[in-house]
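In what follows, chains are A, B, ... by sequence order, proteins preceding strands, each numbered from 1.
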There are 2 protein chains.
Amino acid sequence: MNTFTEENYLKAIYHGSAPGGSVSTNEIAAALNTRAASVTDMLKKLAEKKLINYTKYQGVTLTASGEKIALSIIRKHRLWEYFLVEKLNFKWDEVHDVAEELEHISSKELVDRLDDFMGNPKYDPHGDPIPDRKGEFKAHQLKPISSLGVNEEGVISGVRDHSSSFLQYLEKTQLTIGKKIKVAEIHIYDHSVVIQSGDRRTHISREVANNLLIAL
Amino acid sequence: MNTFTEENYLKAIYHGSAPGGSVSTNEIAAALNTRAASVTDMLKKLAEKKLINYTKYQGVTLTASGEKIALSIIRKHRLWEYFLVEKLNFKWDEVHDVAEELEHISSKELVDRLDDFMGNPKYDPHGDPIPDRKGEFKAHQLKPISSLGVNEEGVISGVRDHSSSFLQYLEKTQLTIGKKIKVAEIHIYDHSVVIQSGDRRTHISREVANNLLIAL
DNA sequence: TTTATTTTTTAGACTAATCTAAATTTTTTA
DNA sequence: TAAAAAATTTAGATTAGTCTAAAAAATAAA
Ligand SMILES: [Mn+2]
Ligand SMILES: [Mn+2]
Ligand SMILES: [Mn+2]
Ligand SMILES: [Mn+2]
C-alpha cells in the first residue's frame, strides 16, 4: 500500500493535469501547501514506484497504475461526501475536510458497499462525477454561466470553486445543484449577470458567473 | 491533535489497565506489536503532553485527559463497527480492521451524527458498550459460560476473545449475541459444556466456555 | 545571443516513529 | 541477601516527510 502522503501527491497530480498534459513541481507544491524541494523528493519516490513518469525539470504525468490509484482516492472522496450530505445531513460546504481524511481509508470492500448502500450515485454534492469501482465515470458537459447569452437557459450542475465561502454564498442565494436558471440580463459594464430561477431574480458578479457551471 | 500512533498507544494503555491499575511497557509493546524500546520513547512523549502518569520502571496510568481521548477513540471504533454491521451488512468478524482505521477520523461532528443516524446504539456488534458523547457508558455485568452450573440460563452478551476465528466459530454454531442459552451438561473430565439453545444442543470446549460471556 | 529571472533540484538538517544492542534497574530465586 | 533472570531504559541508527539555503537548469527579456 501507499502512504497518505503518496496518495495526496497522486491526487494532486491528477487534479493538476490538463487532459493529456503534465504538472509542474511548483503547481504540486501550491496544491499541497508544501515546498518545491519536498515535491522533488516525493517525485523521485513515486517515479521509483512507477506511479508517475518523471524526468528532471520536465514536470510529471501519472502512469496507468498511478492514475488508477488517484481515481480510487477520488472515488472514495466523492462517495464519502455524498454519504455525509445525504445520510448524515451535513451541508455541502461542510464535507470536504472530513472527506479528505475518509478518502484514505483503505478497505475497497467498504467503499463498494457504501456505494451500494447509497444506490450507486453518479455525482457528488458539488456535481463532480463519482468514478465507479472500475475507475470509470462520465463527466457532465459543463460551461460557466458567464459563457451564456441573454435568455439562454440551463441547469446548475457544478462549481469551479469548491471553497466553503463560495458554496455558502450559493446556498444563501439558492443557486444550488439542480436549479434550472435563465440569464435575464447581462451588464456590459462589469459583466455581472441577472439570473432568473422560478420567479426569483438574482444579481451575480462576473466572478460568480465564472465559477457556476451549467449543463448544456 | 494527536497522531494516529499516539492515539493507538492511549487506547492500548486503556485496554491494558485493570480497573485502577497500571500497564507495563512490555504489555503495551505486545498489544501494539512493537518493541519495548519504542514504547519507552513514546511514553516519554505522552508524559510530556500530560496524557499519562509515568515514572521510569513503574508502568503507566492514563491521566484524565488521556482517558478522555482513549474513550473517544473507543467510541468511534465501536460506532463504526456498528455501522458496518447494521448498515453495510458486514459480518461481525470482518469489521475490526476497518474500524481500526476509521477510529482515527478526527471529526467529532461526524461521529456524533453517525451515532444519531443509527439511533444511538448502546453496544457494538461484539457486545462491548459504546461510550456516549461524554465518554460515559455502562458495561453489562458479564460472566463466562464456564462459571455457570448445570441448568443455569443466560443471554449471550459478549465475547472475551475478539479474534475472527473465534467469531466465525460462534457464527457457525449459532452462538451469537442475544441468543438465550441454558447449560445442559458439564463434563467434569475436560470441563466441556453442552449448551441448549431453543431445541439445538451444542457441545463446546472449556476454552470456548471461558470466552463466551452471558449477562446475569 | 547574452543577461536576468524563474523554476527546479541538491545539500544538509530536523522531527516522528521505529529498530537492535548494550546498559540499568527491578524482581525472582536460591 | 547475593546471584540470576526478567523488565526497562539508553545509545545510536534508520526511514519518511519536511524545511531552508544554495546550486543548477530552463525560460524570458533585453
Ligand atoms: Mn471535496
Ligand atoms: Mn466534492
Ligand atoms: Mn474491534
Ligand atoms: Mn467490537
Side-chain angles (χ1 to χ4, degrees), chain A residues 1-18 21-62 66 69-70 73 100-101 103-106, chain B residues 1-18 21-62 66 69-70 73 100-101 103-106:
Chain A
M1 262 304 96
N2 308 286
T3 64
F4 287 16
T5 309
E6 287 170 343
E7 291 183 346
N8 284 334
Y9 272 87
L10 292 173
K11 192 169 54 124
I13 293 165
Y14 182 92
H15 281 133
S17 308
S22 67
V23 202
S24 74
T25 300
N26 269 352
E27 284 165 344
I28 298 169
L32 295 177
N33 227 304
T34 185
R35 299 301 177 157
S38 311
V39 175
T40 300
D41 285 344
M42 180 58 80
L43 294 184
K44 287 181 196 163
K45 202 202 315 185
L46 294 174
E48 187 63 39
K49 289 188 165 193
K50 302 206 185 304
L51 297 174
I52 60 172
N53 306 113
Y54 171 56
T55 28
K56 272 194 193 180
Y57 294 101
Q58 292 320 126
V60 288
T61 58
L62 293 173
I69 294 170
I73 306 298
E100 284 290 309
E101 291 185 45
E103 72 189 6
H104 300 292
I105 302 295
S106 60
Chain B
M1 263 304 97
N2 308 286
T3 65
F4 287 16
T5 309
E6 288 169 343
E7 292 184 344
N8 284 333
Y9 272 87
L10 293 173
K11 191 169 54 124
I13 293 165
Y14 182 91
H15 280 133
S17 308
S22 69
V23 203
S24 73
T25 300
N26 270 352
E27 284 165 345
I28 298 169
L32 294 177
N33 227 304
T34 185
R35 300 301 179 157
S38 311
V39 174
T40 300
D41 284 345
M42 181 58 81
L43 294 184
K44 286 180 196 163
K45 205 206 306 187
L46 294 174
E48 186 63 39
K49 289 187 165 195
K50 302 207 186 301
L51 298 173
I52 60 172
N53 306 111
Y54 172 56
T55 29
K56 272 195 193 179
Y57 295 101
Q58 293 320 125
V60 289
T61 59
L62 293 173
I69 295 169
I73 307 298
E100 284 292 309
E101 291 186 46
E103 72 189 8
H104 300 291
I105 302 295
S106 60

Considering residues at least two apart in sequence or located in another chain, which fulfil the side chain to side chain contact (heavy atoms under 4.5 Å, CB included) criterion with B/Ala47?
B/Ile52, B/Tyr54
Taking every non-hydrogen atom, the tightest pair across A/Tyr9 and A/Leu46:
CB-CD1, 3.8 Å
For A/Glu103 and A/Asn8, which heavy atoms make the closest approach, and how far apart are they?
OE2-OD1, 3.4 Å
[X]: which residues meet the side-chain hydrogen bond (donor to acceptor under 3.5 Å, both in side chains) condition with it, sequence neighbours left out?
X: A/Ser38; value: none
X: B/Ser106; value: A/Glu101
X: B/Thr61; value: B/Asn53

Enumerate, atom names and distances included, each donor-acceptor pair closer than 3.5 Å involving a side-chain atom of residues 23-32 of chain B, sequence neighbours excluded.
| residue | atom | partner | partner atom | Å |
| --- | --- | --- | --- | --- |
| B/Ser24 | OG | B/Glu27 | N | 3.1 |
| B/Ser24 | OG | B/Glu27 | OE1 | 3.4 |
| B/Glu27 | OE1 | B/Ser24 | N | 2.9 |

N or O in side chain of [X] less than 4.0 angstrom from [N] OP1/OP2:
X: B/Asn26; N: D/dA6; result: no
X: A/Tyr54; N: C/dT8; result: no
X: B/Lys56; N: C/dT26; result: no

When rounded to the nearest 0.5 angstrom, what distance separates [atom1] in [X] from [atom2] in [Y]?
X: A/Glu7; Y: A/Ile73; atom1: CD; atom2: CD1; result: 3.5 Å
X: A/Lys56; Y: A/Lys44; atom1: NZ; atom2: NZ; result: 7.0 Å
X: B/Ile13; Y: B/Leu43; atom1: CD1; atom2: CG; result: 6.0 Å

Measure from [atom1] on [X] to [atom2] on [N] and round the result to the nearest Å.
X: A/Ile28; N: C/dT8; atom1: CD1; atom2: C1'; value: 12 Å
X: B/Glu27; N: D/dT8; atom1: CD; atom2: C1'; value: 13 Å
X: B/Leu46; N: D/dT9; atom1: CG; atom2: P; value: 13 Å
X: B/Leu43; N: D/dT10; atom1: CG; atom2: P; value: 11 Å

Quick one: the dot-bracket string of DNA chain C, using Watson-Crick and G-U wobble pairs with both distances under 3.5 Å, [ ] for crossing pairs and | for bases paired to another strand.
||||||||||||||||||||||||||||||
Sequence-distant partners of A/Lys49, salt bridge (Lys or Arg N to Asp or Glu O under 4.0 Å), two or more places apart:
A/Glu6
Side-chain contact, heavy-atom cut-off 4.5 Å: A/Leu51 with A/Asn2?
yes
For DNA chain D, what residues of residues 3-14 of chain B have any heavy atom nearer than 4.0 Å?
none
If the condition is ring pair (Phe, Tyr, Trp, His ring centres under 6.0 Å), which residues does B/Phe4 pass it with, not counting sequence neighbours?
A/Phe4, B/His104
Numerically ordered, the residues 33-42 of chain B set in heavy-atom contact under 4.0 Å with DNA chain C is B/Thr34, B/Arg35, B/Ala37, B/Ser38, B/Asp41, B/Met42
Dump the pairs, protein N or O against N or O of nucleotides 22-24 of chain C, anything under 3.5 Å, distances to one decimal.
| residue | atom | partner | partner atom | Å |
| --- | --- | --- | --- | --- |
| C/dT24 | O2 | B/Tyr57 | OH | 3.4 |

